[in-house]
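Input: a single structure, listed below in structure tokens.
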Protein chains: 2
Amino acid sequence: MSLATDKLDDKPTLYKQIRRDIETRILTGEWPPGHRIPFEHQLMACYRCSRMTVNKALSELAQADLIERRRRAGSFVRRPQHLSAVLKIADIRAEITALGRSYGYQLVQCARRAASAADRARLGVRKAGKVIAITCRHSADNVPFALEDRLIDLEAVPEAAHADFAAEPPGSWLLHHVPWTEAEHTISAVVADDRTADALGIAVGAPCLVIDRYTWRSARTLTAVRLHYPGESHRLVARFKGG
Amino acid sequence: MSLATDKLDDKPTLYKQIRRDIETRILTGEWPPGHRIPFEHQLMACYRCSRMTVNKALSELAQADLIERRRRAGSFVRRPQHLSAVLKIADIRAEITALGRSYGYQLVQCARRAASAADRARLGVRKAGKVIAITCRHSADNVPFALEDRLIDLEAVPEAAHADFAAEPPGSWLLHHVPWTEAEHTISAVVADDRTADALGIAVGAPCLVIDRYTWRSARTLTAVRLHYPGESHRLVARFKGG
DNA sequence: TTGACTTATATGTCTAGACATATAATCGTG
DNA sequence: CACGATTATATGTCTAGACATATAAGTCAA
């Protein structure tokens with residue numbers, strides 16, 4: 001279980017030095033959340049450099065959400081984002097092939113229909129419209145990997161009408177054809193019902209990891225998908241830095 | 001399920017305009033992974049601005065991992081990071097109080113002992129040494145919220161010997177007293193065994209979300225913790241931006 | 001063909017200024 | 001005291017330069 005030393009080997013430059021100094025103080029707790037970072041002009045004097053140099057350091061810390069900058073007031077250490085969570089799982093096919101396993105895909109069902117009330121609730125739309133409902137299965141080395149139930153809003157993604165979801169998984173198709181701006185994952189655990197157990201080749205009552213993913217482009221829901229993973233075998237691994 | 005329009009309302013400035021233009025082309029796929037972004041001097045001419053302005057735009061895109069910059073070669077669209085995952089859950093007490101619920105804590109067991117072979121394997125240490133093993137329970141509004149099984153390496157965190165884990169949850173204590181540099185979460189699903197079901201007040205065989213968290217400081221494991229959440233009630237929500 | 005050397009060039013960092021702008025703090029007035 | 005107007009100030013953005021440096025590409029000799 002070795003740990004990568006992220007980027008400690010790159011040449012130290014002044015702005016990185018400044019950024020690092022501040023970062024260290026934040027991570028060690030020497031500067032707790034809410035603490036005001038020295039003003040830019042103070043750091044200029046301290047490090048004997050121009051304002052643009054300290055500004056670059058502070059801007060990067062702000063982009064990384066470690067500090068918050070407020071006009072006239074100064075820069076402050078942000079509270080660590082409790083319970084804030086970020087999870088990215090873009091494409092199951094890519095995930096499986098990246099693991100060096102062979103990817104398999106079976107389309108179980110694909111229907112184009114007028115949105116039901118339940119569909120509209122799931123997609124967060126009011127008006128009537130058409131949707132595509134897809135059920136499919138992903139497998140790795142011929143072992144079921146995940147069961148996918150997806151809804152695509154055809155009003156938001158009209159191109160999807162011409163996609164061949166028997167040939168290409170909807171997730172991959174969407175990733176390559178439809179730009180998105182924001183997404184949300186919700187992770188929970190359930191026990192397998194008949195249908196899920198059957199599709200994943202596990203026992204009824206076996207644990208499953210469930211991921212619900214909603215994808216938007218500029219406040220418009222594009223697609224909603226629910227994925228069932230066999231819970232014992234599949235794991236989501238998340239590694240990160242920070243304080 | 002409304003969606004915050006992240007930062008579309010802020011004043012458009014030139015470097016943001018440039019960043020946005022490039023971002024859009026990447027997200028729409030107009031510039032696929034590997035595509036070379038125009039050189040800085042081309043963008044300077046195109047937008048009629050100084051090099052620092054385009055540099056700021058490109059630097060931010062690079063920091064966000066949307067592009068990769070290579071000296072002499074130029075800037076290139078990066079492959080989307082499939083299966084990359086990030087998850088942050090710092091402190092259960094903070095999580096619960098942030099939800100506006102009352103936090104409760106019960107220490108079930110706390111033992112200081114020489115590290116067993118299993119302990120050493122879990123912490124990734126070779127040498128013999130002392131550890132603290134803690135089992136405790138977190139509750140929200142007097143309903144069991146999570147069961148925690150934690151191991152703290154006393155060689156790495158000697159201060160922990162003086163902490164009172166009956167009064168303060170170990171996660172909170174560690175967060176406030178011990179700086180860390182890197183962590184890893186693994187999420188999986190299981191069904192509750194006797195002990196877990198009993199502690200969480202759920203049925204044996206009910207689904208549970210399991211989070212294993214390892215925390216390091218400079219390649220040294222500080223603590224390993226396993227959390228069981230009642231799977232039906234607890235959800236991890238992850239929201240993020242990007243392509 | 002291959003390896004070593006040179007050169008051109010795009011990015012990396014930095015400066016010493018400038019004006020814009022949001023807003024905390026102060027001041028003044030009813 | 002409450003509230004609106006003013007002011008001071010820290011950050012936000014931008015410029016027109018500069019030199020450093022890694023490296024792709026070209027050059028030349030073995």
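In the text below, chain A, chain B and the rest are named by the order of the sequence lines, each starting its count at 1.
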[X] [atom1] - [N] [atom2] separation (whole Å):
X     : N      : atom1 : atom2 : value
B:R48 : D:dT15 : CZ    : C1'   : 16 Å
B:M52 : C:dC14 : CE    : P     : 10 Å
A:Q63 : D:dG12 : CD    : C1'   : 15 Å
B:E60 : D:dT13 : CD    : P     : 8 Å
B:M44 : D:dT15 : CE    : P     : 9 Å
A:Q42 : D:dT11 : CD    : P     : 9 Å
B:L43 : C:dA10 : CG    : C1'   : 12 Å
B:K16 : C:dA20 : NZ    : C1'   : 13 Å

Nearest listed nucleotide, side chain of [X], among [options]:
X     : options                : answer
B:C49 : C:dA22, C:dC14, D:dT15 : D:dT15
B:T53 : D:dA20, D:dT15, D:dT11 : D:dT15
B:F39 : C:dA10, D:dA10, C:dT15 : C:dA10
B:R71 : C:dT11, D:dT13, C:dT15 : C:dT11

Are OP1 or OP2 of [N] and a side-chain N or O of [X] less than 4.0 angstrom apart?
X     : N      : result
A:S75 : D:dA10 : no
B:K56 : D:dG12 : no
A:R69 : D:dG12 : yes

**Q.** A:R213 bridged to A:E148 by N-O distance under 4.0 Å
**A.**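 No, no charged N to carboxylate O under 4.0 Å.
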
Q: Might you point out which heavy atoms bring B:I134 and B:P170 nearest each other, and give the distance in Å?
A: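 For B:I134 and B:P170, the tightest heavy-atom pair comes out as CD1-CB, 3.8 Å.
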
**Q.** Mutual orientation of the aromatic rings belonging to A:Y105 and A:H138 [parallel < 30°, tilted 30-60°, perpendicular > 60°]
**A.**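 Plane angle between 30° and 60°, so tilted.
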
**Q.** A:Y15 vs B:R70, nearer the 5' end of DNA chain C by closest nucleotide
**A.**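 The 5'-side residue here is B:R70.
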
Q: Return the 5'-most residue of the pair B:A73, A:P38 with respect to DNA chain D, ranking by each residue's nearest nucleotide.
A: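 Whichever sits nearer the 5' end wins; that is A:P38.
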
Q) Which residue lies toward the 5' end of DNA chain D, A:G74 or A:N55, if each is placed at its nearest nucleotide? A)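 Whichever sits nearer the 5' end wins; that is A:G74.
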
**Q.** Check: A:R72 side chain, D:dG12 base, donor-acceptor under 3.5 Å
**A.**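 Under the 3.5 Å cut-off, the side chain and the base do not form any donor-acceptor pair.
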
Q.
Taking side chain to side chain donor-acceptor pair (under 3.5 Å) as the criterion, tell me which of B:E40, B:R70, B:R69 meets it with B:S75.
A.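 Among B:E40, B:R70, B:R69, the one that satisfies the side chain to side chain donor-acceptor pair (under 3.5 Å) with B:S75 is B:R69.
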
Q. So what does A:S59 hit on the nucleic acid, given a heavy-atom distance under 4.0 Å: a base, only sugar-phosphate, or nothing?
A.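 It contacts nothing in the nucleic acid.
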
Q. Across the strands shown, which category fits B:L14 at heavy-atom distances under 4.0 angstrom: base, sugar-phosphate, nothing?
A.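 Sugar-phosphate, no base atom in range.
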
(Q) For the OG1 atom of B:T53 and the NZ atom of B:K16, what is their distance to the nearest 0.5 Å? (A)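 Here the interatomic distance stands at 13.0 Å.
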
Q) For the atom pair CD1 (A:I37) and CD1 (A:I67), what is the distance rounded to the nearest 0.5 Å? A)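 One finds 5.0 Å between CD1 of A:I37 and CD1 of A:I67.
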
